[in-house]
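Comments concern the structure below.
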Amino acid sequence: MKISSWQLLILLFLSRIFIAITYFTLEDISPSVMMSTSAISVATDMVLVIPAIFLYKNYPDENVIISAFKVSKIFGIILTVLYFIFAVFMIFRTVRFFLYFFENAFSNLLPTLVVGVMLIAAAAYVAHLGIEAAARSSSIVFAVFILLLIAVVATTAEDFDITNYYVEHIDTNDVFGGIVSGLSRSSEIVVLVLVLPYLKTGITKSVYGFLLLKLLFVEMIILLCMLFLGGYMEAVQFPFFTVCSFAKAPFVDRLDAIFLVVWTLIGVIKLSLFTISLRPASVLLKPLQNSAVTNLVPFVLGGAPALYFAYKEQMIIPLLDNELTAAAIVLLGTVIPLVVLILRRFKREKN
């Protein structure tokens, strides 16, 4: 099963925009600084994805785990465990973020536990169908997301106030904090080094197209919230959702209900990617050859604790969700693929 470069681009974009349209950051910084550091963060991402690009160009039918097995079976097993743990953690984190939003924005709609189970079940089903089903679904969801964004802009534009836009000086701490915060939301860098065998051609177009599209939409959403909400933006938990709640369209009274549907679909695609990305390397280990293991076990291990956290007062954990996640993404998305490339080269020269 192979997907095109455009399908991969859209899959990565939707996975990233899932957090951007609700949580711009996990710490308290101004929207102006957010816009500046987002650009710096994307520039950093453009460097960090270079090992993934070289890995694909040298070994197009392998991902980082398969390449590690070509170096050493023990090395391959270690990486399998590490990436499996990362997938479980990201499922845990994604479900927790979703339930945090749902609990605060739609607390009286449905029981949080029911919503969480339904989300996990839908994501597991999409993952079971495979990368092609996820890619086809992502194209439809992407189109709906664009329509939602157009509708929000069109119905709120008359209330934009250009005086709400301002620029602040950023210092070294802002830059570093912005890079760390951006990296903590860039799990797609890790997903990329795992889904490489699914891609037909066009790795550079997929990766840098995704990063540029991400930058464009993140900046656009922040600017939209700034112009509409002004200083009120820093007082609300979910700025873009708040804008949607004020937006009124002819076909629906409020767009926040549409937002919930779109965001849920994006969340399903994001969650399914984590287990789909493990599948190319699963054939190398007998315990993982059963698709139920690679598909369902990560959802159980990651989803169950997330459902438990849904009933805790502190659902978002800044240190875990920011610094530690950023470090894990750099390690698994950049450092390890680079080490694998170097070891493959040494082994080839030795042979």
Side-chain angles (χ1 to χ4, degrees), residues 3 7-24 26 45 83-84 86-102 115-146 148 182-195 198 206-207 210-211 213-214 217-218 221 238 240-241 259-279 294-296 298-299 301-303 306-307 310 315-316 321 325 328-329 332-333:
I3 59 174
Q7 287 176 314
L8 178 60
L9 185 157
I10 292 173
L11 280 170
L12 296 176
F13 171 75
L14 289 180
S15 177
R16 176 59 180 83
I17 211 70
F18 172 80
I19 294 179
I21 57 179
T22 47
Y23 313 98
F24 286 123
L26 293 173
D45 291 345
Y83 284 98
F84 185 87
F86 180 81
V88 169
F89 170 71
M90 289 309 302
I91 289 171
F92 164 69
R93 184 173 182 251
T94 303
V95 173
R96 200 159 35 87
F97 275 7
F98 183 91
L99 296 180
Y100 177 76
F101 165 74
F102 186 86
V115 173
V117 171
M118 290 171 62
L119 177 73
I120 294 169
Y125 178 69
V126 172
H128 171 72
L129 295 177
I131 189 74
E132 289 182 331
R136 287 194 297 269
S137 301
S138 68
S139 300
I140 299 171
V141 175
F142 178 73
V144 176
F145 170 71
I146 297 298
L148 171 66
L183 281 173
S184 70
R185 298 190 298 271
S186 297
S187 59
E188 296 70 35
I189 294 176
V190 180
V191 170
L192 176 65
V193 300
L194 295 173
V195 299
Y198 289 125
S206 293
V207 174
F210 148 64
L211 291 175
L213 193 64
K214 176 184 80 169
F217 275 85
V218 168
I221 291 170
F238 316 113
F240 184 66
F241 173 74
F259 172 91
L260 176 62
V261 174
V262 173
W263 197 57
T264 302
L265 293 173
I266 294 175
V268 168
I269 290 171
K270 180 179 179 70
L271 284 168
S272 67
L273 267 180
F274 293 123
T275 57
I276 288 173
S277 65
L278 294 172
R279 206 164 294 165
T294 55
N295 190 34
L296 294 178
F299 281 113
L301 295 179
L307 296 176
M315 293 173 65
I316 305 300
D321 293 325
T325 302
I329 288 171
L332 298 175

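Values below: all heavy atoms of this structure, side chains included; hydrogens, waters and symmetry mates excluded. For this chain, numbers begin at 1 and follow the sequence in order.
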Problem - Nearest heavy-atom neighbours spanning Val88 and Pro298 - result: CG2-CA, 3.8 Å
Handout entry: Sidechain-backbone polar pair: Ser15 side chain, Leu12 backbone, donor-acceptor under 3.5 Å
Key = no
Practice task
Walk me through it: do Ser187 and Arg93 pass the test side-chain contact (heavy atoms from CB on, under 4.5 Å)?
Solution key: CA-CA 11 Å; Ser187 59; Arg93 184 173 182 251; 5.7 Å; no
Problem - Derivation and outcome, side-chain contact (heavy atoms from CB on, under 4.5 Å), residues Leu271 and Val95 - result: CA-CA 8 Å; Leu271 284 168; Val95 173; 4.0 Å; yes
Exercise for the section: Identify the heavy atoms of Ala135 and Ser138 that sit nearest to each other, and give their distance. Expected result: O-OG, 2.6 Å
Fill in the blank from the handout: Distance col, row His128:NE2 vs Ser272:OG, nearest 0.5 angstrom, shows 13.0 Å
Practice task
Evaluate the criterion ring pair (Phe, Tyr, Trp, His ring centres under 6.0 Å) for residue pair Phe241 and Trp263; output intermediate values, then yes/no.
Solution key: CA-CA 10 Å; Phe241 173 74; Trp263 197 57; 9.1 Å; no
Practice task
Show your reasoning for whether side-chain contact (heavy atoms from CB on, under 4.5 Å) applies to Ile221 and Ile17.
Solution key: CA-CA 10 Å; Ile221 291 170; Ile17 211 70; 4.3 Å; yes
Exercise for the section: Look up atom CZ in Phe97 and atom NZ in Lys270, then write down how far apart they are to the nearest 0.5 Å. Expected result: 9.0 Å
Exercise for the section: Determine whether Leu119 and Phe102 make a side-chain contact, defined as any pair of heavy atoms from C-beta on separated by less than 4.5 Å. Expected result: no
Problem - Partner set under side chain to side chain contact (heavy atoms under 4.5 Å, CB included) for Ala87, not counting sequence neighbours - result: Phe274, Leu278
Problem - Value rounded to 0.5 Å, distance of OG in Ser186 from CG in Asp45 - result: 4.0 Å
Handout entry: Separation between CD1 of Ile189 and CG of Leu183, rounded to the nearest 0.5 Å
Key = 6.0 Å
Completion exercise
Rounded to the nearest 0.5 angstrom, the CG-CD1 distance for Leu213 and Ile10 is 8.5 Å
Handout entry: Heavy-atom side-chain proximity of Phe92 to Leu301 below 4.5 angstrom
Key = no
Practice task
Quick one: closest heavy-atom pair of Arg279 and Gly130, and the distance?
Solution key: NH1-CA, 3.9 Å
Fill in the blank from the handout: Closest non-hydrogen atoms of Ile91 and Gly303, given as atom of the first, atom of the second and distance, are CG2-N, 4.0 Å
Problem - Residues forming a side chain to side chain contact (heavy atoms under 4.5 Å, CB included) with Ile131, sequence neighbours excluded - result: Met1, Ile3, Leu11, Tyr198, Leu273, Ile276
Exercise for the section: Could you grab the distance from atom CD1 of Ile269 to atom OG1 of Thr264, nearest 0.5 Å is fine? Expected result: 11.5 Å
Handout entry: Residue pair Val141 / Val268, side-chain heavy-atom distance below 4.5 Å
Key = no
Handout entry: Derivation of the side-chain contact (heavy atoms from CB on, under 4.5 Å) call for Ile329 and Phe86
Key = CA-CA 9 Å; Ile329 288 171; Phe86 180 81; 4.0 Å; yes
Problem - Sub-6.0 Å ring centroid separation between Phe238 and Phe259 - result: no
Practice task
Locate the shortest heavy-atom distance separating Phe210 from Arg16; write the atom from each residue and the value.
Solution key: CE1-CB, 3.9 Å
Exercise for the section: For the residue pair Ile146 and Phe217, establish whether any side-chain heavy-atom pair is separated by less than 4.5 Å. Expected result: yes
